[in-house]
Amino acid sequence: MENSKKFNMEKKWVFPLVISSLICVFFFATSFNMGLVSSLRKINSIILLFPPRNSMNQTSPLFAEDKVMHGPPPPPPGPSIPRFAYLISGSRGDLEKLWRTLRTLYHPLNHYVLHLDLESPVEERLELASRVEKDSVFAKVGNVYMITKANMVTYRGPTMVANTLHACAILLKRSKDWDWFINLSASDYPLVTQDDLISAFSDVNRELNFIEHTSHLGWKENQRAMPLIVDPGLYRSTKQDIYWVSPRRALPTSFKLFTGSAWMILSRSFVEYVIWGWDNLPRVLLMYYTNFVSSPEGYFQTVICNVPDFAHTAINHDMHYISWDNPPKQHPHTLSLNDTAKMIASDAAFGRKFGQDDAVLDKIDKELLGRRNGSFTPGGWCGGKPRCSKVGNPRKLRPGPGAQRLRRLIGRLLLQAKYKQNQCT
């Protein structure tokens with residue numbers, strides 16, 4: 001009986017003893033291995049202190065794989081070629097002017113939306129659509145789009161803003177491959193080639209917006225900001241001028257009003273902000289400017305300057321040469337041959353406004369653009385015979401003196417922006 005008890009007691013101690021032994025063996029083996037690794041590292045470091053003679057002063061890795069995986073860093077990528085998205089709009093009688101402006105502005109890398117408003121005859125709109133469809137270059141590249149369902153546009157009312165936003169939405173939907181949006185009318189004309197424009201903007205920050213703006217309303221405060229208007233273009237199918245209603249209104253206190261030019265070059269990121277409207281401000285201001293005289297001269301300026309994320313990107317210039325009365329009237333002077341020297345000296349990219357087939361346009365074609373016989377403005381992309389009848393290499397640029405002039409203007413503007421001059425003030 002006593003022996004049985006002793007045997008049972010011994011059995012109770014056997015299992016814990018075995019477990020303890022195994023744990024001790026494990027820790028011993030681990031310590032030995034760590035010591036071995038440490039010893040090997042020490043030996044290896046000693047060896048590396050005295051490398052062989054043929055390896056002295058060499059910085060190459062020990063293994064060929066290291067040369068492949070850790071080779072020289074690739075060169076920094078160069079600036080990509082910028083692309084522009086245009087809205088070119090017109091009204092009754094503007095078909096030929098719009099067509100000439102389009103062909104002068106054309107480049108295969110850009111995108112174009114054309115709009116003849118509802119006041120233009122159906123025949124003009126059909127003719128424009130037919131020309132776009134039949135043009136072999138447009139058909140091949142597919143970057144020219146016409147708004148066939150025309151909008152009613154009253155130029156002193158909010159319908160012009162609505163038409164611009166419509167074009168922006170179309171361009172965002174059709175392509176992701178553009179950097180800046182430019183709105184022009186059929187009365188605008190370029191003073192530089194598209195190769196000049198693309199080249200000059202190649203080194204420009206893609207977040208910048210070229211939009212004339214000021215918060216000093218002056219006479220506009222009393223004559224445009226405080227009156228209330230109704231735009232018949234919002235509800236009628238025939239064009240009528242805006243009309244005033246009473247009472248007048250006070251200036252807003254929840255945001256600050258800005259005014260400037262209706263023509264601008266806007267970054268894609270700002271266009272997306274205005275269209276998608278993840279912040280409610282663009283919609284609130286669109287409603288406010290519904291009853292504002294000449295809302296195209298204030299809506300985009302007020303939006304950009306009231307948003308801190310975008311206010312610092314506003315460069316105070318519309319890239320146009322325009323001759324105004326003082327104070328400005330609804331329309332600027334029509335430019336002529338007498339204005340040629342001033343246009344060139346301005347270093348601007350565009351001029352406004354021009355009469356149809358005026359002699360000054362022929363002078364611009366010949367001396368500034370190198371354009372002949374109604375063809376496209378020649379550039380590095382042009383191929384075929386006659387010239388520019390086919391698309392060669394769209395990324396090949398041949399900038400001329402216009403690029404130098406435009407770079408000079410951009411340089412001045414960026415220098416002013418660097419010192420916070422004329423930015424949303």
Side-chain angles (χ1 to χ4, degrees), residues 84-106 110-121 124-125 127-128 131-132 144-147 150-168 170-171 180-192 194 197 210-212 231 233 239 241-242 260-266 271 294-301 317-324 328-336 339 343 346 348-358 360-361 364 377:
F84 297 89
Y86 285 93
L87 163 64
I88 310 174
S89 55
S91 187
R92 175 187 292 273
D94 286 341
L95 169 63
E96 298 301 334
K97 289 166 62 177
L98 190 151
W99 184 249
R100 179 170 182 166
T101 299
L102 169 64
R103 293 181 67 80
T104 308
L105 288 169
Y106 186 76
N110 295 336
H111 299 272
Y112 302 84
V113 167
L114 313 179
H115 179 253
L116 285 174
D117 69 22
L118 200 57
E119 187 187 35
S120 60
E124 287 187 358
R125 300 202 299 272
E127 174 63 21
L128 178 60
R131 292 185 187 183
V132 171
V144 179
Y145 176 82
M146 179 180 172
I147 300 177
N151 299 313
M152 176 56 68
V153 177
T154 306
Y155 289 91
R156 290 206 293 170
T159 43
M160 185 174 176
V161 174
N163 189 60
T164 303
L165 294 175
H166 182 198
C168 288
I170 291 171
L171 289 163
W180 279 286
F181 167 78
I182 303 177
N183 66 325
L184 299 174
S185 81
S187 298
D188 291 275
Y189 210 70
L191 304 178
V192 298
Q194 288 303 288
L197 186 71
F210 295 84
I211 177 170
E212 184 186 272
D231 184 356
K239 184 176 289 189
D241 195 9
I242 59 173
S261 170
W263 315 105
M264 52 214 151
I265 300 179
L266 302 179
V271 171
S294 297
S295 53
E297 298 176 3
Y299 172 72
F300 292 97
Q301 288 84 353
H317 202 285
D318 62 3
M319 290 292 161
H320 274 67
Y321 173 80
I322 305 177
S323 179
W324 290 99
K329 297 180 181 179
Q330 182 62 37
H331 299 287
H333 294 156
T334 299
L335 300 175
S336 66
D339 299 292
M343 283 188 283
S346 72
F350 306 98
R352 172 172 176 81
K353 66 179 185 172
F354 296 96
Q356 181 172 326
D357 295 331
D358 192 283
V360 67
L361 297 179
I364 292 172
T377 299

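Keep in mind it's a predicted model, so treat the numbers as computed, not measured. Atoms considered below: every heavy atom in the structure, side chains included; atoms not considered: hydrogens, waters and symmetry mates.
- For T377, the side chain to side chain contact (heavy atoms under 4.5 Å, CB included) partners at least two apart in sequence or on another chain are T104, T193, L369, R371.
- Applying the salt bridge (charged side-chain N to carboxylate O under 4.0 Å, His left out) rule to R125 yields no partners; only residues at least two apart in sequence or on another chain are considered.
- Among residues two or more places apart in sequence or in another chain, the ring pair (Phe, Tyr, Trp, His ring centres under 6.0 Å) test is passed with Y321 by none.
- For T159, the side chain to side chain contact (heavy atoms under 4.5 Å, CB included) partners at least two apart in sequence or on another chain are T154, D231, L234.
- Applying the side chain to side chain donor-acceptor pair (under 3.5 Å) criterion to T334, with sequence neighbours excluded, gives no partner residue.
- A distance of 7.5 Å separates CD in E124 from CZ in R92, rounded to the nearest 0.5 Å.
- In terms of the ring pair (Phe, Tyr, Trp, His ring centres under 6.0 Å) criterion, residue partners of Y86 (sequence neighbours excluded) are, by chain and number, Y112.
- Every residue two or more places apart in sequence or in another chain was checked for a salt bridge (charged side-chain N to carboxylate O under 4.0 Å, His left out) with D358, and none qualifies.
- Using modelled atom types and a 3.5 Å distance limit, the side chains of R352 and S187 yield no donor-acceptor pair.
- Interatomic distance, N151 CG to H115 NE2, rounded to the nearest 0.5 Å: 4.0 Å.
- Atom CG of N163 sits about 6.0 Å away from atom CG of L87, to the nearest 0.5 Å.
- Here the straight-line distance linking atom CH2 of W324 with atom NE2 of H333 works out to 10.0 Å at 0.5 Å rounding.
- Here D94 pairs with K97 under the salt bridge (charged side-chain N to carboxylate O under 4.0 Å, His left out) rule; sequence neighbours left out.
- F350 is listed as a side-chain neighbour of L184, based on a closest heavy-atom distance under 4.5 Å.
- Contact of the W99 side chain with the L128 side chain is registered, since non-hydrogen atoms from C-beta on lie closer than 4.5 Å.
- When all heavy atoms of G355 and L361 are compared, the closest pair comes out as O-CD1, 3.6 Å.
- In this view, H320 and D188 satisfy the side chain to side chain donor-acceptor pair (under 3.5 Å) rule, not counting sequence neighbours.
- The nearest pair of heavy atoms linking N183 to W263 is O-CE3, 3.4 Å.
- With sequence neighbours excluded, the residues forming a side chain to side chain donor-acceptor pair (under 3.5 Å) with E127 are R131, listed by chain and number.
- Contact of the S323 side chain with the L335 side chain is registered, since non-hydrogen atoms from C-beta on lie closer than 4.5 Å.
- Ring pair F354/Y189 is perpendicular by interplanar angle, where above 60° counts as perpendicular and below 30° as parallel.
- Qualifying salt bridge (charged side-chain N to carboxylate O under 4.0 Å, His left out) partners for D117, counting only residues two or more places apart in sequence or in other chains: K239.
- Counting heavy atoms from C-beta on, the side chains of V360 and D339 never come closer than 4.5 Å.
- Considering every non-hydrogen atom in both G233 and M152, the closest pair reads CA-CG, 3.7 Å.
- Here the OH-OG distance, from Y155 to S89, works out to 5.5 Å after rounding to the nearest 0.5 Å.
- Closest approach of S295 to P158, counting heavy atoms only: OG-CA, 3.2 Å.
- Listed here is the closest heavy atom pair of S185 and T101: O-CG2, 4.5 Å.
- Of the inter-residue distances, the one linking L105 atom CG with F84 atom CZ reads 11.0 Å to the nearest 0.5 angstrom.
- When all heavy atoms of P332 and I322 are compared, the pair lying nearest together is CB-CG2, 3.4 Å.
- Partners of A349 according to the side chain to side chain contact (heavy atoms under 4.5 Å, CB included) rule, which considers only residues two or more places apart in sequence or in another chain, are V192, L197, M319, L406.
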